[in-house]
Every structure is written in structure tokens, then in C-alpha cells.
Protein chains: 2
Amino acid sequence: MSAARLDPIDRKILAELQADGRMTNVELAKRVGISAPPCLRRVRTLEEAGYIKGYHAEVDSRELGFEVQVYAMVGLQSQAESDLSEFEARCRDWPLVRECNMLNGEVDFILKCVAPDLSTFQTFLTGDLLKAPNVASVKTSLVIRSAKDEPGVPFEVLEERLSRMA
Amino acid sequence: MSAARLDPIDRKILAELQADGRMTNVELAKRVGISAPPCLRRVRTLEEAGYIKGYHAEVDSRELGFEVQVYAMVGLQSQAESDLSEFEARCRDWPLVRECNMLNGEVDFILKCVAPDLSTFQTFLTGDLLKAPNVASVKTSLVIRSAKDEPGVPFEVLEERLSRMA
DNA sequence: CGTGAAACCGTCGCCCC
DNA sequence: GGGGCGACGGTTTCACG
């Protein structure tokens, strides 16, 4: 596991910045128990090593007028690698598609889509997704309500596992 | 739509902070074309009004040792409101469950789970999820690979729609 | 919304362990 | 190697026009 290269302070930094990405460096340093300069050096190292891929404001999608969230299960005709990656590239170009994951089992991909309203989504569904080459089947499920939407990873679980291994 | 209360500068602020949540306020002000003090006032207002729910570092889950992502489709025995919200509350307590959305159609909930390894997930699956009261069926799909994972909403689509309405 | 000023913070060089 | 101290320049954040 690559996380083995990180010491407890690095993991604490990552957990703190995942919880509050706009925290000032001095506040972060205080929380992880070192002074500001080495703390900032660690953050820069974590960014350059790719452990931190970016920082994002979490916006309220419904307040902003994005009232529709849909999961789309997509089956392809060909699962040749070139066809898979061609479909993935298409997904990256569609702004409505926020997540695209390849799955095992009967369905090939699951897409999470966000749209301002149903008609915008249906225009995308019939105009883009269903017309894309190699798409064999699409089953969509509307999100009725969202109970939990936490970005990132559960650091608690990692710490628990590391302490079990020690 | 509540987004109508926001002017173009506010929407630009939200889009910029979604793309880079650690941008300094002066940089943000420059990009949206106003000076720093009113820009900061707008950000604070957006935060207090709930348009911005938080800021998060995006961490590389695989680099950190979270090698397993699973979608779990959950069917319940009872769909009474009290039973639905009881299940949702349980999901909020499970750190492995990052997203929990209620769906229309044959399945009741879709859960996105993140775990360090398969055995951690299976411990959760058999020990917690399948044993939870009211859970009738669980179908899991492993994520083979992730092609896109963008947090947030597609502001481009919103701007396009607003300009069509104007 | 902009200007100016004061406090704070990010950042660097240097020294220490 | 990493951590701490001090100082400079930029930033945040006031009060005010």
C-alpha cells in the first residue's frame, strides 16, 4: 500500500484538508502538532506526489437549480479495450456526466449525471448517450432524494486498519 | 429556480471555487472582475446562504490505499417513510458508505462504498449492511476502473440554459 | 463597490536536531 | 532527513467614502 509511505502526520494533514480544504496553513499546523513551515512543505509534497489532486468548493446542487440526478447503467456492444476507452473519452466530454465507472457484472458502466431539469437530461439521453456508437442499452434511475453525499475517503477506516496491522 | 437570485458574478465565483477551492481571494476577485473586499463579502454570503457547503481537498483514493469501490443496490422490505429514514440514518453512520441515494424503479437505494480492500468491504457487507433491519436484498458491483470522477455540478450547462431563457 | 490601513498569513533562508 | 525561528511580501479583512 502506498499509504505506508505516509507517516501519521501526513495522514492527519490529508484528513484535515479533506474535511476543510480552505483551512489556513497555520491552523492546519496547529491541528497536526507541528509548526507552519514544515507543515506547508508537507502539503506541497503531498500535492506534487499526487496524494492531493485538487481543492473544490462543495456547492449545493439543488439550491443552484440542478434538480435532477440520474444514474445511468450502460451496456456496450463491444468490450474491446479500444471501444471501452472510446466510450470513456466521450463521457469525459459530456458535462452532464459527473462520474463514469466501469463495473463488473452484467452492466458495463455506471454514470452519475446531474442536470438542471428533466428535459435537459432527456435531451442528453436521447440526443447524445443513446446515439453514441457502441452503446447497446441504457437503463436510467432517477434519484428521489439524497441521504448522504460525502466526498473522499473514510480515513477512520484506514487508521483502524493500520493500527490492527501494527 | 433559486439560482435566479444569483447574478453572473456570483455564479462565476461558485464555478471558480468549485474548480479550485484554495484560490486566494485576490486571485478570485481578479477573475470575476471586481476588487477583493466585495468579492470576499460575496463568498461569505454564498457560504452563509448555503450555496457553498464546504471546501474539500480531493485525495487520490487508490494512492492512499483505498483500492476497492463498490456500488451496492439495496432493496428494503418496507418502504414506509420511517423505515426509509431509519435506513438512511444507518448509512450516515457507516464510514464506508460515501453516497446514499434513494432511487425510483425496482431498487430502493444505491450506495457508493469505498474500502481499503475486499475483505474490509465484505466484513461490512455481511456484518453490517446485510444484517441491518429491513434490508431485503443487496446486489453489489465492483468498480473495475474509474474514467471520470468530477465533483460538483456542470456550470456550463446552467449558463447555457440561462442564456437560452434570456 | 472601491480605497486604504492593519493584522494575519504564506513563504523563504537559516540554524538546529 | 525533518522541525523550528525570524523576517519579508502578499493577503485577508476591517472601517469608511
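Each chain gets a letter, A, B and so on, in the order its sequence line appears, and its residues count up from 1.
The two atoms that bring B/W94 and A/K148 nearest to each other are O-NZ, 2.9 Å, heavy atoms only.
C/dC15 and D/dG9 are spaced 22 Å apart, taking the C1' atom of each and rounding to whole Å.
Below the 3.5 angstrom threshold, one finds a donor paired with an acceptor across the side chain of A/R41 and the base of D/dG3.
Nearest to the side chain of A/T24, among D/dC5, C/dG4, C/dC9, sits C/dC9. Comparing D/dG3, D/dT13, C/dT3 by their nearest atom to the side chain of B/A36 picks out D/dT13. Comparing D/dT12, C/dG10, C/dG4 by their closest approach to the side chain of A/L40 singles out C/dG10. Taking every side-chain heavy atom of A/S35 into account, D/dG4 is the closest of D/dG3, D/dG4, C/dG10. When each of C/dC9, D/dG3, C/dC1 is scored by its nearest atom to the side-chain atoms of B/I34, the top-ranked nucleotide is C/dC1. Of the listed nucleotides (C/dG2, D/dG2, D/dT11), D/dG2 has the atom at the smallest distance from the side chain of A/R42. Closest to the side chain of A/P38, from the set D/dT11, D/dG3, C/dC1, is D/dG3.
Atoms CG (A/N25) and P (D/dG4) sit 12 Å apart, rounded to a whole Å. The separation between B/M23 atom CE and D/dT12 atom C1' is 16 Å, rounded to whole Å. To the nearest angstrom, C1' of D/dG1 lies 14 Å from CD1 of A/I9. The nearest whole Å value for the distance from the CG atom in B/L28 to the C1' atom in D/dT11 is 13 Å. Residue A/D10 contributes atom CG, which lies 13 Å from atom C1' of D/dG3 at whole-angstrom precision. Rounded to whole Å, the distance from NZ on B/K30 to P on D/dT12 is 11 Å.
Ring pair B/F109/B/F87 is tilted by interplanar angle, where 30° to 60° counts as tilted.
At distances below 3.5 Å, at least one donor-acceptor pair connects side-chain atoms of A/R98 with backbone N or O atoms of B/G152. A donor-acceptor pair under 3.5 Å is formed between the side chain of B/N25 and the backbone N or O of B/A36.
Counting non-hydrogen atoms of neighbouring residues, nucleotides and ligands closer than 6.0 angstrom, the CD atom of A/E106 reaches no more than 12 such neighbours.
OP1 or OP2 of D/dT12 has not a single side-chain nitrogen or oxygen of B/R44 nearer than 4.0 Å.
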